[in-house]
Amino acid sequence: MAEQLLDGFGRVHRDLRISVTDRCNFRCTYCMPADGLEWLPRDGILTFEEITRLARIMVERYGVNGIRLTGGEPTVRANLPTLVGMLAALGTDLAMTTNGVSLPLLAADLRAAGLRRVNVSCDSLRADRFAELTRRDALTRVLDGIDAARDAGFDPVKVNCVVMRGVNDDEIADFVEFGRAKGVEVRFIEFMPLDADGIWTNDLVVPVNEILARVNEASPVEPVERTSAPASRYRFADGSGHVGIVASVSDSFCSTCDRVRLTADGQFRNCLFAVTETDVRALLRAGADDDEIAAALEASVASKWAGHQINRVNFIKPRRSMSQIGG
Ligand code: SAM
Ligand code: SF4
């Protein structure tokens with residue numbers, strides 16, 4: 001048995017993203033159709049015990065040191081603080097990406113259960129545009145959620161903003177100001193071809209250089225040394241915090257990627273854009289022992305490709321959309 005989850009290109013994988021549900025209370029245009037998707041049957045979703053067993057194998061055997069809960073919307077999964085407590089006991093960094101709408105209710109409980117960091121998605125600071133983008137009139141509640149996260153002691157709180165040309169790219173300066181004023185780190189994300197409605201085109205992508213130029217115009221920044229994290233980070237020259245840009249399309253970070261993913265229905269994915277999956281749920285429910293599960297994880301990572309092929313003729317859009325994979 002290996003001691004690391006290593007692929008054929010020498011990349012060691014230590015970052016696990018767990019989708020705890022495919023369900024969501026929003027319908028963001030860049031992610032889900034207006035009517036939602038057909039939800040997975042409840043008994044198809046991994047139990048807290050199954051999720052924790054998988055995570056334990058990965059932490060104990062392969063030194064996985066970061067776990068992020070995502071979805072769908074993770075906070076719609078009942079009793080989420082219980083799962084957080086079970087995963088926190090593994091001793092790794094534990095984070096969550098959320099639309100933020102339930103944080104006014106849940107932030108303190110999640111923090112107390114051991115969640116360490118939180119990213120809140122927010123793509124517009126204008127109520128009407130926010131409602132159009134998410135198909136929910138919930139901007140105030142999400143902004144309250146960001147405040148609730150800070151009040152609960154999450155630090156840093158990050159704000160994910162998917163930038164789309166002609167949709168919300170005129171708000172980059174507003175988000176820079178918002179981040180500085182609130183003491184949160186805004187991460188601008190390039191729009192990726194993982195939407196369920198097939199609206200993605202390259203014309204909608206605002207590339208990293210353009211985002212960076214607009215950030216610089218709003219407030220000068222200087223680069224921070226790159227890590228395996230997908231965001232290029234910059235610090236404001238006046239010392240008022242940081243900002244990030246995730247250039248998944250125009251300047252992919254595949255060569256340093258250390259992420260693997262587990263879907264809500266227990267499929268292990270070695271890439272966000274993977275077109276094949278390993279059915280870990282079947283192994284778990286067939287009574288496989290830890291060695292058998294570990295062997296399946298190792299084989300999946302070993303077969304990882306060099307990188308995604310967005311904008312090349314051989315790009316194949318994954319069957320699942322973002323909300324079914326977990327961003
Ligand atoms: N529901 C939670 C949320 O919205 O934060 C967690 C799941 S969501 C799929 C995770 C992240 O993926 C969010 O920050 C969201 O903005 C981002 N996302 C969704 N669809 C995307 C797309 N097509 N391109 C880029 N980012 C996307
Ligand atoms: Fe739901 Fe998050 Fe997708 Fe929006 S981005 S529809 S909140 S899963």
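We're numbering straight along the sequence, starting at 1. Indexing begins at 1, ligand by ligand and atom by atom, following the structure's order.
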- N/O of Ser121 under 3.5 Å from N/O of ligand 1, yes or no? yes
- Ion pair present between Arg214 and Asp169, side-chain N to carboxylate O less than 4.0 angstrom? yes
- Query: Below 4.0 Å from any atom of ligand 2, is there a heavy atom belonging to Gly72?
  - Reply: yes
- Closest heavy-atom pair, Arg235 versus Val224, reported as atoms and distance to 0.1 Å, is N-CG2, 3.8 Å
- Does an N or O anywhere in Asp123 fall below 3.5 Å from an N or O of ligand 1? no
- Item | Heavy atoms of other groups near Asp238 CG, more than 12 under 6.0 Å | yes
- Message: Need the ligand 1 atom indices (1-based, order shown) with element for anything under 4.0 Å from a heavy-atom of Thr70.
- Response: 6 (C), 7 (C)
- Message: Out of all atoms in ligand 2, which are within 4.0 Å of some heavy atom of Asn99? Include the element for each.
- Response: 7 (S)
- Message: Show me which atoms of ligand 2 lie under 4.0 Å from any heavy atom of Cys28.
- Response: 4 (Fe), 5 (S), 6 (S), 7 (S)
- Below 3.5 angstrom, do we get any N/O pair linking Asn160 and ligand 1? yes
- Which of the numbered atoms in ligand 1 are below 4.0 angstrom from a heavy atom of Phe191? 22 (C), 23 (N), 24 (N)
- Task: For atom 19 (C) of ligand 1, grab the closest protein heavy atom and report residue, atom and distance to one decimal in Å.
- Result: Met322 CG, 3.3 Å
- Determine the minimum heavy-atom distance between Leu262 and Leu54, stating which atoms define it. CD2-CG, 4.2 Å
- Is it true that Arg14 and Asp258 make a salt bridge, defined as a side-chain N closer than 4.0 Å to a carboxylate O? no
- Ligand-side contact atoms (ligand 1) for residue partner Glu190, heavy atom cut-off under 4.0 Å: 25 (C)
- Item | Polar atom proximity, Gly72 to ligand 1 (N or O, under 3.5 Å) | yes
- Task: Run the contact test for Gly326 against ligand 1 with a 4.0 Å cut-off on heavy atoms, strictly below, and give the result.
- Result: no
- Would a distance-only check, ignoring hydrogens and angles, find a side-chain to backbone donor-acceptor pair under 3.5 Å from Arg23 to Leu40? yes
- Query: Which residue from Ala138, Cys24, Ala196 reaches closest to atom 7 (S) of ligand 2 through any of its heavy atoms?
  - Reply: Cys24
- Query: Is ligand 2 under 4.0 Å from a heavy atom in the side chain of Cys31, in the backbone, in both, or in neither?
  - Reply: side chain
- Query: Hey, which atoms in ligand 1 end up nearer than 4.0 Å to a heavy atom of Asn99?
  - Reply: 2 (C), 3 (C), 5 (O)
- Item | Arg135 charged N/C atom sitting above Phe26 aromatic ring, 6.0 Å / 45° | no
- Task: Let me see the working for Asn79 and Leu83 under side chain to side chain contact (heavy atoms under 4.5 Å, CB included), right down to the final yes or no.
- Result: CA-CA 7 Å; Asn79 304 317; Leu83 175 64; over 6 Å; no
- Message: Could you identify the single nearest non-hydrogen protein atom to atom 21 (C) of ligand 1 and state the distance to 0.1 Å?
- Response: Tyr30 CD1, 3.6 Å
- Message: To check your reading of the model: name the closest protein heavy atom to atom 2 (C) of ligand 1, its residue, and the distance in Å.
- Response: Glu73 OE1, 3.3 Å
